[in-house]
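Given the structure is predicted, the values throughout are model-derived calculations rather than measurements.
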Amino acid sequence: MTMLRRLFFVVLGVSFLLPALAEKDPMKYGKVSKEELEMTVYPADSSASAVILCNYGYFDARQLQFVHVKRIKILKEEGKGFASFSVPAAEKTNVRGQVVNLENGVPVVTKLSKSGIYIENVVGDVYRARVAMPNVKVGSVIDVEFYYTGLPSYWEFQSRIPVKWSELVLEPTIYFTLQKNFVGYVPLSIASEDRWVAKDVPAFHPEPYIDNPENYMTRFNIEISAVSIPGTYYKNYSTSWENVAKSLRESDDFGRRLSDYFNMYLNDMKKEVQATAKTPVEQMKKAFELIKTIKWDKTSTIWVSNDGLSSVFKKKYGNSAEINLNLIILLRKLDINANPIVLSTRDNGLLPPFTASRDKLNYVVAQAEIDGQTYILDATEEFLPVNMLPERAINGRGLLITKQGYSFSEFAPQQKERVINLLNLKLSADGKISGDWKSVNYDYAAFLKKNERKTFNSEEEYLKSVENDNVGLSVEDYHQKGIDSTDTNVEEAFNIVWKNKMTQIGDQLFLNPFLIDRTDENPFKLENRQYPVNFTTSKDYKYIINITIPDGYKVEQLPKSVKISMPENTASYQLQAMTNENVVQLSMKMNINKPVFLMTEYEMLRSFFDEIVKKEAETLILKKI
């Protein structure tokens, strides 16, 4: 039993005299109406594949019990996927559920079995319940009830499907101080001290380049910041970041693990580093690479497991905290000033901007300081160099915890995703294209390319994937450099033959010269986007192609040269096209010069990509002489 759960039971023994609220429940579990069963379309959104008819949560302060009832209507075949979902819960959660189908005018009930219920630990005291409902059809009405001691870690008023009614009631209690961080853009219909209601909430439609939809869907993040039993007990959890840092520094599962008493097992590795690397920076990089021999188990957390850091080091397998805390210990052994930074990953949402939250922290990276220069390190990824973080960890700010205090670190990537493609090709009158293609990936593009290559079992399998992604392409020869090391660019050289890329009409040949990574569709479809565009990093793309045209042909039409830019050059696109005797030369540069564009910039950004799509749809036309 966790400490927080034990405190709930302690408080339960003294809480029976608290008053109860007397609002009428908006729904009762199992009481499905005929109208709900016969519904075939949701009037407020006729395109909806499913709709949450009611999402109701009630916290009973006397019993310290939370009841969560959810009702979903399935309207279309593609909506059946919403019959499997998860909600915040507790370690011991009672779940009951049913699916009601109207068959020959008669309601038929199918009960949720235990095999369709799974309670999982997210991190620390945070749990969630997953359900997979049975016998779901178009027309089904799903009812599920969750019942547990405690409070949910969040409450959703908005979803990927429309929500007709969402209500949260939290009875006041003198024993708990709660933090409720409201996020999202849909206003609540009712917002009192202890009751919140959202009506007719539209579905949230995520577009590409969004850090985490949950950062922008209307919801409460709920956290217990303090527990107080008058005259008996008081515990402050996270009323300030200073308290959060102090509690982590003193935790047996975090800060105390960095003590010299526990880390003798790293002495041999320290000697290995000192024997092969002389300067502090060289030693930092060597230690970084050696700790990477511990493979990440894909668990994001700030806590060390019961096995401990030495066991993880020996097994060469551990979570993000265990790997990077081992790195910090090793760096300190080398007399390098190193400390942990704790943060929230993208899939866990942003840290609240105005309040402190220990529960929101779920990832650890290392910071080292040498001669006044700061370095950020994350040893969970084999090919990640110093001063680069994986996309999951680029999520606003992190909390640096030192031996004496704390401060905030902003994670704004300095490196870009940079790619250059250079093609030298020859066209033949029969439509075949042949020649060389060189691709160079830098910084984040190199890191992504290295990780991509790891997903293939062989070079042959990778080249087959390249051919499948480029219809008509055949790779005749291939060489690469830098794919297996951390600090290198990735260079690839292909000898290629392309068929079926040119179209002949009469005495003319038509070819779209954007053969690689063409922007043929605007990723931004929404007319109005209620959340920022997040590219993660700045981006530089360069595409250069030299095309030797067949004998007996001349250029009749070239794509037109153009320069497009957004205000303050936050994004730019440049295309130059020319001919030199029998060679067509085309050069394209696209720069996204900042990672995040605000909602006020969205319309301009969408128009910017519209222009690129139009430009890269233009063709090269050759005419027979």
Side-chain angles (χ1 to χ4, degrees), residues 26-57 68-88 97-103 107-110 112 116 130-146 154-168 183-190 196-208 210 212-220 523-531 599 602:
M27 68 167 284
K28 294 288 187 182
Y29 170 80
K31 303 295 184 181
V32 179
S33 69
K34 182 180 178 182
E35 290 76 18
E36 289 169 332
L37 287 169
E38 292 179 344
M39 177 190 291
T40 58
V41 66
Y42 180 52
D45 183 356
S46 59
S47 67
S49 61
V51 58
I52 297 173
L53 297 174
C54 190
N55 191 34
Y56 175 60
H68 181 179
V69 190
K70 193 168 189 175
R71 179 170 294 165
I72 303 172
K73 173 71 179 185
I74 306 301
L75 298 168
K76 298 178 181 179
E77 190 69 26
E78 57 268 32
K80 289 164 64 176
F82 293 99
S84 297
F85 60 90
S86 64
V87 298
Q98 65 177 32
V99 177
V100 186
N101 291 298
L102 198 61
E103 298 181 5
V108 177
V109 176
T110 304
L112 173 64
R130 292 186 179 275
V131 295
M133 304 305 294
N135 196 29
V136 176
K137 306 173 184 179
V138 174
S140 295
V141 175
I142 296 166
D143 262 19
V144 188
E145 182 185 73
F146 307 89
Y154 62 88
W155 181 263
E156 293 180 335
F157 294 99
Q158 190 175 25
S159 178
R160 303 290 182 95
I161 53 177
V163 180
K164 186 177 181 181
W165 185 281
S166 182
E167 178 175 346
L168 175 65
V183 298
Y185 297 95
V186 177
L188 299 180
S189 302
I190 298 173
W196 303 267
V197 177
K199 303 176 185 178
D200 302 320
V201 182
F204 184 89
H205 297 292
E207 273 201 318
I210 180 172
N212 181 352
E214 292 180 0
N215 288 335
Y216 312 104
M217 296 166 67
T218 301
R219 60 186 263 160
F220 269 149
F524 305 113
K525 304 286 193 273
L526 297 176
E527 288 190 16
N528 297 296
R529 176 165 165 151
Q530 297 299 315
Y531 45 89
M599 292 175 288
Y602 174 70

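Shortest non-hydrogen contact noted between V186 and T218 is N-OG1, 3.0 Å. A pairwise comparison of heavy atoms in V197 and E167 identifies CG2-CG, 3.6 Å as the closest pair. In this structure, P162 and V51 approach most closely via the heavy-atom pair O-CG2, 3.4 Å. The two residues L112 and A132 have their closest heavy-atom pair at CD1-O, 3.6 Å. Residues R71 and V141 approach most closely at CG-CG1, 3.8 Å, considering heavy atoms. Summarising the geometry of L102 relative to P107, their closest heavy-atom pair is CD1-N, 3.8 Å, with the distance given to 0.1 Å.
Crowding of K28 atom NZ: a count of heavy atoms from other residues, nucleotides or ligands under 6.0 Å not exceeding 12.
With respect to Y531, the ring-ring contact (aromatic ring centres under 6.0 Å, His included) criterion is satisfied by exactly one of F524, Y185, Y216: Y216.
A salt bridge is absent between K73 and E36: the closest approach of a Lys/Arg side-chain nitrogen to an acidic carboxylate oxygen does not fall below 4.0 angstrom. Using a 4.0 Å cut-off between charged nitrogen and carboxylate oxygen, K137 and E103 count as a salt-bridge pair.
Atom CZ of F220 and atom CZ of F157 lie 5.0 Å apart (nearest 0.5 Å). Atom CG in L53 sits 12.5 Å away from atom OG in S166 (nearest 0.5 Å). Distance CZ/R160 to CD1/I52: 11.5 Å, rounded to 0.5 Å. Atom CE of M133 and atom CG of D143 lie 8.0 Å apart (nearest 0.5 Å). I161 contributes atom CD1, which lies 11.5 Å from atom OG of S47 (distance to the nearest 0.5 angstrom). Rounding to the nearest 0.5 Å places NZ of K199 at 11.5 Å from NZ of K164.
Contact check for W155 versus N55: side-chain heavy atoms found under the 4.5 Å cut-off. With contacts defined as side-chain heavy-atom distances shorter than 4.5 Å, the pair F85/I72 qualifies. Residues V201 and E156 fail the side-chain proximity criterion, which asks for heavy atoms closer than 4.5 Å. Side-chain contact check for Y42 versus D200: some heavy-atom pair is nearer than 4.5 Å.
Under the 3.5 Å distance criterion, the side-chain polar atoms of Q158 are left unmatched by any main-chain donor or acceptor of R219. Judged by distance alone, with hydrogens and angles left aside, the side-chain atoms of E207 form a donor-acceptor pair with the main-chain N or O of K525 at under 3.5 Å. Y602 places a side-chain N or O within 3.5 Å of a backbone atom of L526 that can act as its donor or acceptor partner.
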**Message:** As a quick check of understanding, evaluate side chain to side chain contact (heavy atoms under 4.5 Å, CB included) for I142 and F82, giving each step before the final call.
**Reply:** CA-CA 10 Å; I142 296 166; F82 293 99; over 6 Å; no

